[in-house]
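To keep things clear, I will list the structure first and then write my remarks on it.
Ligands are counted one by one from 1 in listed order, and the atoms in each one are counted from 1 as well. Just so we're clear, the structure is a prediction, and the values are computed from it rather than from any experiment. FYI, the numbering just counts along the sequence from 1.
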Amino acid sequence: MRVLVVTGAGISAESGIPTFRGTGGYWRNLDPTKLATQSAFDSDPELVWQWYRERRDMIRRAVPNDAHRAVARLSAGADEFFLLTQNVDDLHVRADWDNYRIPDDHLARIHGDIFVTKCERGDFSRMETDEDRDGVPRCPRCGGRMRPGVVWFGEGLDPREVARVDNFVRARPCSVVIVVATTIAFDYIVHWTRLAAGRRGRLIEINPDDRFLEPLGGEWIKEPAAPALPRVVNELVSRALS
Ligand code: OAD
């Protein structure tokens, strides 16, 4: 069993983290897809930092749910496994199945890590494990503005993360590709999904509201991830063992 799992914001919805789009996506009447941009940061960096700090706080308090744990279980049970997540939270990293966690080299966080604070100008970055200060942080090396270590709309992806996903999906087709809780708003996600499934891979989409993979011929499980994904994983793992 060679598996690619692709996840989006909805997998953390049941852990209390708001999604970007759809119900509950707005923050103080502001559209997150407009806040996560360089232009929003240039016009009001304090506001953008407030939004990210509130999200950091929420994520620190959140715990992984059954869907995150199911991904960890699949990672343990598959012959070859890779998780491509668009989420900047750390719930996949913290989720375990019987004390097994997804190894770092089987996981790409393609939109970055919300707990990283990085200098806008240079290479300096740090992890914010505890709650950080107010205002716009300044780089201790150059004094320039610091920003969250996430990919904003219109920005390029980290080439090292891209290479890791490419290496996995191009090596050989997957027997199963599961796409969970995402609006699949980016062409590269569709591209990797298509490439990974190849002609014969089983393609499963889990989303209670939206269906995006119909053109690729995928199955649609119209349910929230926390009940649906453990069931799908249980079926796959049991079949692989039998
Ligand atoms: P979105 O907020 O666009 O979409 C969340 C999806 O999750 C929607 O299709 C919901 O129907 C679905 N959903 C909600 N609750 C769910 C549940 N309990 N179980 C399963 N599905 C559920 O989030 P993403 O698709 O992740 O990028 O957005 C992709 C990217 O756009 C994000 O990484 C971020 C964002 O703006 C950047 O910041 C570059």
Response to the item:
The atoms of ligand 1 lying under 4.0 Å from a heavy atom of Asp209, numbered in the order shown, are 10 (C), 11 (O)
Worksheet entry | Pi-cation contact, Phe82 with Arg170 (under 6.0 Å, within 45°) | no
Worksheet item: Just by modelled atom types, is the Ile11 backbone N or O under 3.5 Å from a matching donor or acceptor in the Asn65 side chain?
Response: yes
Item to complete: Give a yes/no on ligand 1: does Pro208 have at least one heavy atom closer than 4.0 angstrom to it?
Response: yes
Fill in: Sub-4.0 Å atoms of ligand 1 with respect to non-hydrogen atoms of Glu14
17 (C), 18 (N), 19 (N)
Worksheet item: How close does the nearest protein non-hydrogen atom get to atom 31 (O) of ligand 1, and which residue and atom is it?
Response: Arg21 NH1, 3.2 Å
Practice prompt. Without swapping roles, check the side chain of Ser75 against the backbone of Val71 for a donor-acceptor pair under 3.5 Å.
Written response: no
Worksheet item: Glu128 side chain to Thr117 main-chain N or O, any donor-acceptor pair under 3.5 Å?
Response: no
Response to the item:
Closest heavy-atom approach to atom 19 (N) of ligand 1 among Ala225, Pro227, Pro32 is made by Ala225
Fill in: Region of Thr183 that comes within reach of ligand 1 [heavy atoms, distance under 4.0 Å]
both
Fill in: Side-chain donor/acceptor of Arg69 to backbone N/O of Trp97, under 3.5 Å
no
Worksheet entry | Residue Gly8 vicinity, atoms of ligand 1 by number, heavy atom under 4.0 Å | 26 (O)
Worksheet item: Side chain, backbone, both or neither: which part of Gln86 has a heavy atom under 4.0 Å from ligand 1?
Response: both
Fill in: Nearest-contact summary for atom 14 (C) of ligand 1 - protein heavy atom, Å
Gly10 CA, 3.9 Å
Discussion item. So, regarding Ala9 and ligand 1 (criterion: nitrogen or oxygen to nitrogen or oxygen, under 3.5 Å), is there a contact or not?
Written reply: yes
Discussion item. Heavy-atom count check: over 12 atoms from other residues, nucleotides or ligands less than 6.0 Å from Arg126 CZ?
Written reply: yes
Item to complete: Could you check if a side-chain atom of Val151 sits within less than 4.5 angstrom of a side-chain atom of Ile110, using non-hydrogen atoms only?
Response: no
Practice prompt. May I ask you to identify the nearest protein heavy atom to atom 32 (C) of ligand 1, giving residue, atom name and distance to one decimal place in Å?
Written response: His111 ND1, 3.8 Å
Worksheet item: What is the nearest protein non-hydrogen atom to atom 39 (C) of ligand 1, stated with its residue, atom name and distance?
Response: Val151 O, 3.1 Å
Worksheet entry | Nearest non-hydrogen protein atom, atom 30 (C) of ligand 1 | Phe186 CE1, 3.4 Å
Worksheet item: Counting heavy atoms not belonging to Arg141, are there more than 12 under 6.0 Å from its CZ?
Response: no
Fill in: ligand 1 N/O within reach of Phe20 N/O, cut-off under 3.5 Å
yes
Worksheet entry | Plane angle bin for His92 and His68 - parallel if under 30°, tilted between 30 and 60°, otherwise perpendicular | perpendicular
Response to the item:
atom 7 (O) of ligand 1 sits nearest the protein heavy atom Ala181 O, 3.2 Å
